Amino acid sequence: MPPILELNGASKSFGLPHERTAILTDINLTVEEGDFVSIIGYSGSGKSTLINLISGLLKPDTGTAKMDGELITGPGPERGIVFQNYSLLPWLTVTENVRLAVDQIFPAMSENERADCAAKYIDMVKLTPASGKLPRELSGGMRQRVSVARTLAANPKVLLLDEPLSALDALTRATLQDEIADIWEKNRTTVIWITNDPDEALLVADRVIPLLPGRDGATLGAEMKVSMTRPRLRSELLHTTEFKALKLQLVNTLLDAKRDSNPTITKRLSAPDILPEDLSIKRIQFGKAEPRRRSKLEREELKIEAS
């Protein structure tokens with residue numbers, strides 16, 4: 001069977017035809033069913049562009065993007081995406097926002113079945129007590145839980161997470177990392193998690209792949225296997241030798257790529273021709289006084305005789 005997701009030689013540029021800017025170059029990625037993959041890179045390196053190629057919101061300029069062996073030609077419910085912002089309709093309650101996905105994807109279900117489906121995923125993200133509230137009545141973490149519940153309720157084959165926790169405070173972010181990892185344990189939905197946080201990547205994923213910046217666009221580096229057992233307790237893992245070694249390797253890989261991607265320009269610099277003023281000499285009071293220039297210094301020859 002073909003892998004659930006596969007990108008071969010995919011590249012993407014933006015801009016006018018005569019001045020295109022390469023964002024991604026020669027992207028090769030294989031994701032098997034049930035994988036939990038994290039792709040990590042600098043802000044602005046093309047991570048969202050990559051997730052948009054996978055989701056079908058963008059098409060590669062060259063190369064291919066496939067799902068189940070078929071070319072991805074556009075968005076589809078089999079690829080659910082959670083964006084950085086919450087993307088909730090502000091006039092709908094938690095239940096109504098989740099029902100929006102259920103009603104669109106499963107119109108053949110009865111009213112009771114759709115209600116039960118929405119309730120199941122709202123409970124999965126621990127929001128049942130807030131099911132009747134509007135988004136403005138929720139915290140940032142709760143809103144992102146609604147977004148995750150709505151995406152899961154569509155029962156996608158692949159869950160795409162585009163830096164879903166980047167706008168949250170550190171404590172809320174850590175809590176949701178654990179909860180989403182726990183949801184994956186129970187459902188085993190294929191997950192691709194985009195992030196710029198090395199700790200987050202190593203804590204949630206089984207494979208971490210760096211997106212490395214380059215002068216001709218970013219490309220994927222060698223993947224790192226994360227074999228630490230689950231469930232992963234951050235209070236224990238953060239201090240282990242394995243975690244520290246993986247983090248050091250990941251950070252050094254990203255730093256080296258960033259350093260190599262910066263263009264270097266060699267210039268020959270000349271000292272300025274103007275010399276400092278001698279303040280002990282009285283300048284001309286009226287009229288224009290020329291500055292002292294190195295090139296106009298009188299040359300003096302000294303004859304040294306050997307004794």
Side-chain angles (χ1 to χ4, degrees), residues 5 7-29 31 37-63 65 72 75 79 81-87 140 143-144 147 151 158-170 172-174 176-177 180 191-205 207-224 246-265:
L5 277 171
L7 273 68
N8 288 312
S11 299
K12 187 65 183 177
S13 301
F14 293 107
L16 299 174
H18 61 283
E19 50 183 20
R20 302 280 285 177
T21 299
I23 305 300
L24 298 174
T25 301
D26 195 27
I27 297 294
N28 296 287
L29 175 66
V31 179
V37 178
S38 182
I39 297 174
I40 181 171
Y42 291 98
S43 295
S45 62
K47 301 189 300 297
S48 292
T49 301
L50 176 57
I51 211 79
N52 287 338
L53 291 179
I54 296 170
S55 67
L57 294 172
L58 291 174
K59 294 181 180 179
D61 297 332
T62 58
I72 296 173
R79 282 160 282 127
I81 185 168
V82 178
F83 296 98
Q84 295 178 38
N85 57 7
Y86 315 119
S87 304
R143 292 177 195 175
Q144 197 61 294
S147 183
T151 304
V158 180
L159 180 62
L160 306 174
L161 303 169
D162 185 9
E163 294 190 64
L165 312 181
S166 59
L168 305 178
D169 63 86
T172 304
R173 183 170 184 159
L176 280 181
Q177 288 168 359
I180 293 175
V191 174
I192 299 177
W193 186 317
I194 299 292
T195 183
N196 57 16
D197 183 347
D199 287 356
E200 182 173 85
L202 294 170
L203 283 167
V204 299
R207 294 165 56 203
V208 177
I209 307 174
L211 182 62
L212 305 177
R215 300 181 188 182
D216 299 317
T219 191
L220 293 176
E223 71 172 46
M224 296 170 55
L246 286 171
K247 183 177 178 180
L248 182 62
Q249 179 185 346
L250 180 57
V251 170
N252 284 338
T253 299
L254 292 167
L255 288 175
D256 290 345
K258 185 72 170 180
R259 192 179 302 112
D260 293 341
S261 69
N262 292 329
T264 56
I265 300 174

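Quick caveat: nothing in here was measured; it's all calculated off a predicted structure.
Annotation: the span from R207 atom CZ to L29 atom CG amounts to 6.5 Å, rounded to 0.5 Å. Between the CG atom in D26 and the CG atom in D216 there is a gap of 11.5 Å [rounded to 0.5 Å]. For the atom pair Q144 CD and S166 OG, the distance stands at 8.0 Å (nearest 0.5 Å). For the atom pair CG (L212) and OG1 (T219), the distance works out to 7.5 Å, reported to the nearest 0.5 Å. Note that NZ of K12 and CG of D61 are 4.0 Å apart. Values are rounded to the nearest 0.5 Å. Going from atom CG of L220 over to atom CG of L24 covers 8.0 Å, rounded to the nearest 0.5 Å.
Remark: D197 pairs with no residue by the side-chain hydrogen bond (donor to acceptor under 3.5 Å, both in side chains) rule, at least two apart or across chains. By the side-chain hydrogen bond (donor to acceptor under 3.5 Å, both in side chains) test, T25 pairs with no residue at all, sequence neighbours left out. Partners of T62 by side chain to side chain contact (heavy atoms under 4.5 Å, CB included), not counting sequence neighbours, listed by chain and number: S11.
A 4.5 Å side-chain heavy-atom check between S48 and F83 finds every atom pair outside the cut-off. Contact check for D162 versus L160: no side-chain heavy atoms found under the 4.5 Å cut-off. Residues I180 and V204 have side chains not in contact (no heavy-atom distance under 4.5 Å, counting atoms from C-beta outward). By the 4.5 Å heavy-atom criterion applied to side chains, R79 and I72 are counted as neighbours. By the 4.5 Å heavy-atom criterion applied to side chains, L50 and L7 are counted as neighbours.
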Does the pair V37 and L5 meet the rule for a side-chain contact (heavy atoms from CB on, under 4.5 Å), with working shown?
-> CA-CA 11 Å; V37 178; L5 277 171; over 6 Å; no
Run the salt bridge (charged side-chain N to carboxylate O under 4.0 Å, His left out) check on K247 and D199 step by step: do they pass?
-> CA-CA 7 Å; K247 183 177 178 180; D199 287 356; 3.0 Å; yes
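For the pair N196 (side chain) and G41 (backbone), a donor-acceptor distance under 3.5 Å is absent. Not a single donor-acceptor pair under 3.5 Å links the side chain of R143 to the backbone N or O of Y86.
Heavy-atom minimum distance, G46 versus L211: C-CD2, 3.7 Å. Considering all non-hydrogen atoms of both residues, S45 and A218 come closest at O-CB, 3.2 Å. Residue A22 comes nearest to S13 through the heavy atom pair CA-OG, 3.4 Å, listed as atom of the first residue, atom of the second, then distance. What you find for Y42 and K47 is that their closest heavy atoms are O-NZ, 2.9 Å. A pairwise comparison of heavy atoms in P210 and A222 identifies CD-O, 3.3 Å as the closest pair. Nearest heavy atom pair, residue G140 against residue L168, reads C-CD2, 3.5 Å.
Exactly one residue among V82, T195, L176 makes a side chain to side chain contact (heavy atoms under 4.5 Å, CB included) with P164. That residue is V82.
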